[in-house]
Amino acid sequence: MEYNFLEIEKKWQSFWAANKTFEVKADSSKPKYYVLDMFPYPSGAGLHVGHPLGYIASDIYSRYKRLKGFNVLHPMGYDAFGLPAEQYAIQTGQHPAKTTENNINRYREQLDRIGFSFDWSREVRTCEPGYYKWTQWAFLEMFNHYYNNDTCKAEPIAELVAKFENEGNAAINAACGDVEKFTAQEWKSFDEKKQSDILMQYRIAYQGETAVNWCAKLGTVLANDEVKEGLSVRGGYPVEQKMMKQWQLRVSAYAERLLVDLDELQWTDSLKDMQKNWIGKSQGAEMVFKVGDYDMTIFTTRADTVFGVTFMVLAPESEWVDKLTTPEQREAVDAYLKEAKKKTERERMTETRKVTGVFTGSYAINPLTGDKVPVWISEYVLAGYGTGAIMAVPAHDSRDYAFAKQFNLPIIPLIEGCDVSQESFDAKEGIMCNSGFLNGMSVKEAIPAAIDYVEKHGIGRRKINYRLRDAIFSRQRYWGEPFPIYYKDGIATPIPLEELPLQLPEVDKFLPTETGEPPLARAENWTYKGYPIETSTMPGFAGSSAYYLRYMDPQNDNALVSSEADGYWRNVDLYIGGTEHATGHLIYSRFWNKFLFDLGYVVEKEPFKKLINQGMIQGRSNFVYRIKNTNTFVSYGLKDQYDTTEIHVDVNIVNNDRLDIEAFRNWMPDYATAEFVLENGEYICGYAVEKMSKSMFNVVNPDNICNSYGADTLRLYEMFLGPLEQSKPWDTKGIDGVNRFLKRLWKMFFDAEGNLAVVDAEPSAAELKALHKLIKKVGDDIESFSFNTSVSAFMIAMNELQDLKSRNRQILESVIILLSPFAPHITEELWSLLGHKESISFASFPEYVEAYTIENTFEYPVSFNGKMRFKLELSKSLSPKEVEEAVRANENTEKYLAGKPIKKVIVVPSKIINIVC
RNA sequence: GCUCGGAUGGUGGAAUAGGUAGACACGCAGGACUUAAAAUCCUGUGGGCAGAAAUGCCCGUACGGGUUCGAUUCCCGUUCCGAGCACCA
C-alpha cells in the first residue's frame with residue numbers, strides 16, 4: 001500500500017470540515033486555551049511558503065494543547081480593509097470589496113490545503129458591516145470618555161461635564177490638550193460650540209490640529225509607525241510634516257500603563273525593548289524662563305546643567321516663534337520658516353547633520369543665574385516633544401554643541417576636568433563646577449538637587465515625558481470604516497449607537513474630489529438628518545485592534561463580546577506573528593484593550609499573554625551569467641573567465657543549483673536561442689539569499705509543494721528548517737528528507753503485501769525506551785517552541801524502532817499521536833486504519849514514564865588533567881572516592897596512571913570523570 | 001549615533017545549571033537491487049599528519065585575551081552581519 005498523500009489529505013480535510021472537528025464552544029468543564037495568529041491582509045499575490053510558517057507553528061501548538069485536554073480556541077480571519085485593494089481599485093475601477101473577496105477566497109483555498117485546525121465558524125472580516133459596527137462602537141465609546149489621571153482610567157465625558165458645572169476645570173487632572181482654566185460660572189456662560197470645543201480637548205477620541213505625516217502620493221495622512229525613514233511603509237512614497245485637523249486617539253494617556261504592564265507579559269525582551277523605546281519615558285523637569293513679559297516653559301532631563309545655558313532654542317512650529325520674534329528679525333525668521341516648511345521629512349533626515357537656525361531677536365533670563373541668553377529657532381528642536389522649546393547647554397549636549405559652534409555661541413563647561421574644545425561631554429558623570437550651589441556634587445547628586453531647588457523657588461517642577469504620541473486616526477481614503485460622526489452646525493456629533501453600523505457608501509470613483517476632499521465626499525446623500533457626515537475613514541489598525549475579542553463571540557449583534565464569552569476565553573494565551581507589528585498593532589491593541597477594560601467590557605488588562613515572533617522565510621534566488629552583448633550563458637564555476645551580467649532565474653526551473661536548460665529556453669522568448677558554456681556537462685547556477693519576491697523569481701508556492709510532496713511534508717519541513725523565531729532561507733532541495741521520513745513511517749505499518757501488519761503484544765524494554773525518550777523530547781520541545789529539534793527526534797526514534805523491527809501496536813499508536821500535531825493527515829489515516837472511529841485529535845498525549853528511559857549502566861568518559869583518555873563502565877552513579885577505586889581497579893586507566901598518585905577526582909554526574917594527577 | 005540580536009562542516013542546523021562539538025537532514029562519493037533510469041536500501045563524509053590497515057596524533061565553533069582541571073557555552077576587547085529607533089533635550 002502506497003502512501004498516497006493527495007488522497008489522504010483531501011479525505012481528512014473534508015472529514016474535519018464535515019464533522020466540524022475543530023469547532024469549539026465555551027465549555028467551562030475544560031481549561032481553555034486561546035491560540036491566535038496575526039490575521040493576514042489578503043493581498044492579490046496569494047500565499048508563498050513563508051506566510052504559513054507561523055500558522056503551522058500555532059497549529060502544532062493548538063493540536064498539542066487539545067491532546068493535553070484543553071478546550072482550544074484557534075480562529076482565523078482577514079484584515080480586509082487597507083490601501084493595496086484601494087490602490088488597485090483606482091487603477092482598474094474594480095470595487096475593493098470585490099477584489100478583497102476574490103483574494104480572501106484564494107487565501108482560503110491555499111490555507112485549507114495545509115490542513116489547519118482553525119474553527120472557521122468564527123471567521124471575521126474587518127470590512128464586513130457586522131464586524132465594523134463594533135469598531136465604530138469602540139470609537140464612539142472613546143469619543144464619549146476622557147482619561148482621569150487621578151483614578152488612572154477612562155471615565156464618561158458626562159461625569160466631566162457634571163464637574164465643570166459644579167466647580168469648573170481647575171481641579172480636574174485629566175489627559176487633555178491645551179485648555180484655559182474656567183469656573184463653573186464661566187462654563188455655563190459658554191455657548192454650545194465653545195463647550196464642544198473644550199470637551200474635544202478631553203475626549204479619548206478627539207479631533208485636533210497637529211503635525212501629521214502627510215503623504216501626497218497616497219493622498220492621506222499616516223501614523224508614525226506607517227512611516228519608515230521618511231517614506232510610507234505602503235508604497236514607499238515621500239512623506240512630509242503638515243499641520244492638519246485630524247481625528248486622534250489619546251494613546252499617550254495610557255503611556256505609563258502600557259510601559260508598566262509589559263513586565264507581566266511573556267514576550268521576548270527585544271520586543272519589550274522596542275515598545276519601551278517607542279513609549280520613551282524620560283524623567284526630568286519643567287523649568288520656566290522669563291522672556292520679556294512671557295513665562296516660557298522648557299523640559300530638560302539635565303536640570304543640573306542649568307548654569308551652562310548659553311542660549312534657548314524653539315522648534316520652527318512652536319507657538320512661541322511668533323510672540324518672540326522682534327520686528328528687526330521678522331524678515332529673517334520668516335525666510336527660515338519658509339525654507340523649513342518646504343522640506344519633506346526625508347530631506348530633513350538626510351540633512352540631519354546640517355545645522356540651521358535663526359535668531360528671534362529676543363532674550364530669556366536664566367532663572368538661576370539671571371543671565372540674559374538669546375532665543376533661537378532651529379529644526380533640531382521638535383515641536384511635538386516636551387514643550388517645543390529647550391534650554392541649550394552646548395558643553396554637555398552634542399546637538400547644542402554643534403549649534404553653538406555653527407553660530408559662535410559661548411560654551412561653558414560644568415564638569416571638572418572635562419575637555420569641550422573638540423566635542424561636548426554628554427556623559428552623566430563627574431563633579432560639577434561653575435555651577436553655584438551645585439559645585440562639588442556628582443552629576444547623579446546634582447540632578448535631583450537642582451530640581452529640588454527649582455521646585456522650592458517656584459521656577460519649575462518634576463515632570464515625566466513620553467515619546468509616545470497620540471495616534472492619528474483618520475485617513476483620507478475610501479476603503480476603511482466610516483466615522484459614525486456628523487457635523488451639526490460644525491459640532492462633531494455621534495450617530496446614535498443603535499443606528500450602527502454606518503455603512504460604507506458607494507462612490508463613482510475611489511479618488512479625492514476636485515476640491516481635494518476624501519473619496520467619501522463623492523457619495524450621494526452622505527448626510528445624517530441633513531447634516532454632513534465625516535468623510536475620512538479609519539486607519540488599518542482600527543479593525544485589527546480588537547479582533548481577538550470578536551473571535552470569542554463573532555455572531556453577537558448586541559455586544560462586541562458577551563461578558564460570558566469574555567469571562568471564559570479572557571485573553572489570548574499564545575499569539576504568533578511577525579515582529580513588524582511591534583510598534584503598531586501591538587501598541588494599539590494593548591491600548592484598545594485597556595480602554596475596554598476601564599469601561600468594564602473585558603476582564604483582562606492585557607490582550608496577549610505570550611507572544612512568539614516567527615522569523616521571515618527568505619527566498620533563495622538563483623542566477624545565470626550572461627556574457628555581455630551575447631546570448632551565451634556561462635556556468636557558475638567558469639564565469640570569472642568572462643565579462644558577465646548576473647541575471648535572476650526562476651528557481652522553479654533549477655534543481656539543486658543545476659539549470660534545466662530546456663525549461664530555461666522556454667521560460668522567456670529572449671532565451672529561446674540561448675547558448676551555454678557548461679562545466680562537466682551541466683549548467684551550475686549561482687545563488688543568494690534575498691527577500692522572497694516575484695521580481696527575484698524565487699517565490700515558492702505552498703500549493704506546488706502540497707501537490708508534489710503533500711501538506712504533511714510541507715508542515716514538517718517548514719518546522720525542520722530551523723528555529724521558529726529565526727529568519728532562514730527556503731530551499732526546496734532539502735524537503736526530500738522529511739518526505740522520506742513520512743514514507744518510511746507509513747511502511748512501518750504494512751507488510752510486503754501491503755496489509756496492515758501491526759502486532760498486538762507487550763512492548764519490549766528497548767521499544768519503551770525509544771518511545772518514552774521521544775515523549776519527553778517532543779513534549780519539552782513543543783512547550784519551548786523548538787519544533788525543529790522535535791522533527792529530528794521523530795526521525796531518530798523511527799530509526800531506533802526500525803532497527804528493532806518494531807511493529808508493536810502500543811508503540812506505534814503512541815508515536816502517531818505524538819506526531820499528529822505536526823503531520824495531521826497521515827496520522828489520522830493510520831489512526832483510522834488501526835480501527836479508531838474518532839479523530840486522533842480526541843486522543844490523549846501519552847504520559848512520560850521516566851523509569852523506561854533510565855540507563856542500567858553508566859559509561860563515563862574519563863579525562864586526565866582535562867584530556868579525554870578512556871571510557872569507564874560503571875554499574876551505577878558513584879561517589880568520588882568509589883570512582884577513584886574503580887579507576888585504580890581498571891586496567892586501562894591504571895596503565896595510564898602508572899602508579900602516580902591521584903590529586904583530585906571530579907565527577908560530573910552522568911557526564912564525565914576528570915582525574916587530576 | 002543609540003538599543004537589541006547573531007557568527008558552528010559544502011548547506012540548513014544540533015549541543016549552553018560549562019563536561020566526548022558537528023545530532024538530524026540535505027548535498028556529495030562509493031556500493032546493492034535494475035537491461036537502464038527512478039524509487040529504495042547500505043557505507044563513508046570538519047581539516048591536517050602518520051599508517052597497508054585497524055588505528056593514532058594534531059588543529060578546529062568569526063578574531064584576540066581572561067576565568068576554569070575543562071569554554072561553542074561565562075567575562076573583557078575587536079571585526080563582520082541582521083533588526084529596531086533616529087535630532088526625544
Side-chain angles (χ1 to χ4, degrees), chain A residues 224 228-230 268-278 280-282 284 298-302 305 313 315 348-349 351-355 378-382 384-393 396-400 402-403 426 465-469 579-580 582-583 613 615-616 620 656-657 687 689 716-717 720-723 725-738 740-741 743-744 747 786 788-799 859-871 903-917:
Chain A
N224 281 348
K228 289 244 148 68
E229 294 174 352
T268 60
D269 288 340
S270 75
L271 198 84
K272 286 187 186 180
D273 280 345
M274 264 193 237
Q275 290 216 339
K276 280 178 194 163
N277 284 341
W278 190 260
K281 180 177 184 173
S282 56
I298 57 93
F299 173 75
T300 180
T301 54
R302 293 293 302 273
T305 60
V313 190
R348 265 204 191 192
M349 288 169 92
E351 293 172 12
T352 227
R353 296 284 149 234
K354 215 161 118 188
V355 182
S378 176
E379 282 179 316
Y380 83 87
V381 176
L382 304 177
Y385 184 77
T387 60
I390 62 152
M391 63 178 211
V393 186
H396 301 290
D397 182 288
S398 54
R399 296 152 299 174
D400 297 345
F403 195 83
D426 290 16
N465 257 324
Y466 299 91
R467 283 173 50 192
L468 184 69
R469 310 293 161 80
T579 179
E580 68 272 20
T583 52
N613 292 119
M616 284 236 295
R620 188 180 186 279
N656 194 18
D657 291 338
Y687 76 90
V689 172
L716 278 169
Y717 187 56
F720 185 66
L721 222 42
E725 305 191 44
Q726 187 176 304
S727 285
K728 58 243 163 189
W730 176 271
D731 188 355
T732 305
K733 88 179 177 203
I735 205 170
D736 285 318
V738 287
R740 235 168 256 158
F741 159 72
K743 284 196 256 184
R744 283 179 11 188
K747 277 192 186 158
S786 309
N788 54 329
T789 50
S790 34
V791 177
S792 297
F794 281 114
M795 294 178 179
I796 293 166
M798 200 186 56
N799 286 339
E859 207 175 67
Y860 282 92
V862 180
S863 71
F864 290 92
N865 294 336
K867 303 276 184 197
M868 301 313 296
R869 296 290 166 180
F870 303 103
K871 278 182 186 166
K903 278 191 201 149
K904 199 162 88 177
V905 177
I906 301 162
V907 181
V908 180
S910 78
K911 297 235 166 125
I912 201 163
I913 298 171
N914 187 36
I915 313 289
V916 186
C917 43

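Proteins get letters first, then strands, A, B, ... in listed order; numbering begins at 1 in each. The basis for the numbers below is simple: all heavy atoms, side chains too, and nothing from hydrogens, waters or symmetry mates.
Taking for each of A:Asp269 and A:Asp400 the nucleotide of RNA chain B with the nearest heavy atom, the 5'-most of the two is the partner of A:Asp269. Across the interface with RNA chain B, nearest-nucleotide mapping of A:Arg744 and A:Gly386 shows A:Arg744 to be the residue nearer the 5′ end.
In this structure, A:Met798 atom CE and B:A23 atom P are separated by 18 Å, rounded to whole Å. A:Asp426 places its CG atom 12 Å from the C1' atom of B:C2, with the value rounded to the nearest Å. For the pair A:Lys747 NZ and B:U40 P, the interatomic distance rounds to 7 Å; values are reported in whole Å. Regarding A:Lys276, its NZ atom lies at a distance of 12 Å from the P atom of B:G5, rounded to whole Å. Between the P atom of B:C4 and the CG atom of A:Asn613 lies a distance of 17 Å, rounded to the nearest Å. Rounded to an integer number of Å, the gap from CZ of A:Phe741 to P of B:A39 is 20 Å. In this structure, OH of A:Tyr380 is placed 13 Å from P of B:C87, rounded to the nearest angstrom. Atom P of nucleotide B:C87 and atom CD1 of A:Ile390 are separated by 13 Å, given to the nearest angstrom.
Distances shown here put a side-chain N or O of A:Tyr385 below 4.0 Å from the OP1 or OP2 atom of B:A89. A close approach under 4.0 Å does occur between a side-chain nitrogen or oxygen of A:Ser282 and OP1 or OP2 of B:A89. In terms of phosphate contacts, A:Asn799 brings a side-chain nitrogen or oxygen within less than 4.0 Å of OP1 or OP2 of B:A25.
In this structure A:Thr583 satisfies the side-chain hydrogen bond (donor to acceptor under 3.5 Å, both in side chains) test with no other residue, sequence neighbours excluded. Residues passing the side chain to side chain contact (heavy atoms under 4.5 Å, CB included) test with A:Ser282, sequence neighbours excluded: A:Phe299, A:Thr301, A:Tyr385, A:Asn465.
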I'd like a table of atom pairs between the protein and nucleotides 12-15 of chain B - only N or O on both sides, under 3.5 Å - with the distance next to each one.
residue : atom : partner  : partner atom : Å
B:G12   : O2'  : A:Leu721 : O            : 2.6
B:G13   : OP1  : A:Gln726 : NE2          : 2.9
B:A14   : OP1  : A:Asn788 : ND2          : 2.8

Protein-nucleotides 80-85 of chain B N/O pairs under 3.5 Å:
residue : atom : partner  : partner atom : Å
B:C85   : O2'  : A:Arg467 : NH2          : 3.1

Listing time: all N or O pairs from protein to nucleotides 26-28 of chain B that are below 3.5 Å?
residue : atom : partner  : partner atom : Å
B:C26   : OP1  : A:Arg740 : NH1          : 2.4
B:G27   : O3'  : A:Asn656 : ND2          : 3.1
B:C28   : OP1  : A:Asn656 : ND2          : 3.4

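Taking atom C1' in both B:G6 and B:U73, one finds a spacing of 15 Å when rounded to whole Å. The same atom, P, is picked in B:G9 and in B:U61; the two are 9 Å apart, to the nearest Å. Look at the C1' atom in both B:G13 and B:A21: the space between them is 13 Å, to the nearest Å. Nucleotides B:A14 and B:G48 have their P atoms positioned 27 Å apart, rounded to a whole Å. Rounded to a whole angstrom, the distance from the P atom of B:U79 to that of B:C63 is 15 Å. Nucleotides B:A37 and B:G47 are separated by 36 Å at their C1' atoms, to the nearest Å. Nucleotides B:C85 and B:A62 place their C1' atoms 27 Å apart, quoted to the nearest Å. Comparing the same atom, C1', in B:U68 and in B:G1 gives a spacing of 38 Å after rounding to whole Å.
Taken to the nearest 0.5 Å, the NE2 atom of A:His396 stands 12.5 Å off from the OG atom of A:Ser398. Here A:Thr789 contributes atom OG1 and A:Phe794 contributes atom CZ; the two are 10.5 Å apart, rounded to the nearest 0.5 Å. Here A:Lys743 contributes atom NZ and A:Asp736 contributes atom CG; the two are 7.5 Å apart, rounded to the nearest 0.5 Å. With values rounded to the nearest 0.5 angstrom, A:Lys276 atom NZ is found 11.0 Å from A:Leu271 atom CG. A distance of 13.5 Å separates NZ in A:Lys272 from CE in A:Met274, rounded to the nearest 0.5 Å. Between the CD1 atom in A:Ile298 and the CD1 atom in A:Ile390 there is a gap of 8.5 Å [rounded to 0.5 Å].
By the 30° and 60° cut-offs, the orientation of the rings of A:Tyr717 relative to A:Trp730 is perpendicular.
Nucleic acid contact class of A:Arg620 (heavy atoms, under 4.0 Å, all strands): none. Note on A:Lys743: only backbone sugar-phosphate atoms sit closer than 4.0 angstrom, heavy atoms only; bases stay farther off.
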Point to revise | Verdict with supporting geometry, A:Asn277 and A:Arg467, side chain to side chain donor-acceptor pair (under 3.5 Å) | key: CA-CA 8 Å; A:Asn277 284 341; A:Arg467 283 173 50 192; 5.7 Å; no
**Study point:** side chain to side chain contact (heavy atoms under 4.5 Å, CB included) between A:Asp400 and A:Tyr380, worked out
**Key:** CA-CA 9 Å; A:Asp400 297 345; A:Tyr380 83 87; 2.6 Å; yes
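Side chains of A:Met795 and A:Val738 form a contact here, defined as non-hydrogen atoms less than 4.5 Å apart. Within the 4.5 Å cutoff, the side chain of A:Asp397 has no heavy atoms near those of the A:Arg302 side chain. Contact check for A:Met616 versus A:Thr579: no side-chain heavy atoms found under the 4.5 Å cut-off.
Of all heavy-atom pairs spanning A:Val313 and A:Ala392, the tightest one is CG2-CB, 4.3 Å.
Contact check on A:Arg620 versus A:Asp657 returns a salt bridge, with a Lys/Arg side-chain nitrogen under 4.0 Å from an Asp/Glu carboxylate oxygen.
For B:G84, the O4'-C1' to base torsion is more than 90° from 0; the nucleotide is therefore anti.
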Practice item. For RNA chain B, just give me the dot-bracket, please: Watson-Crick or G-U, both distances below 3.5 Å, ( ) intra-strand, [ ] crossing earlier pairs, | paired with another strand, . unpaired. Key: (((((((..(((......[....)))((((((.......))))))(((((....)))))..(((((..]....))))))))))))....
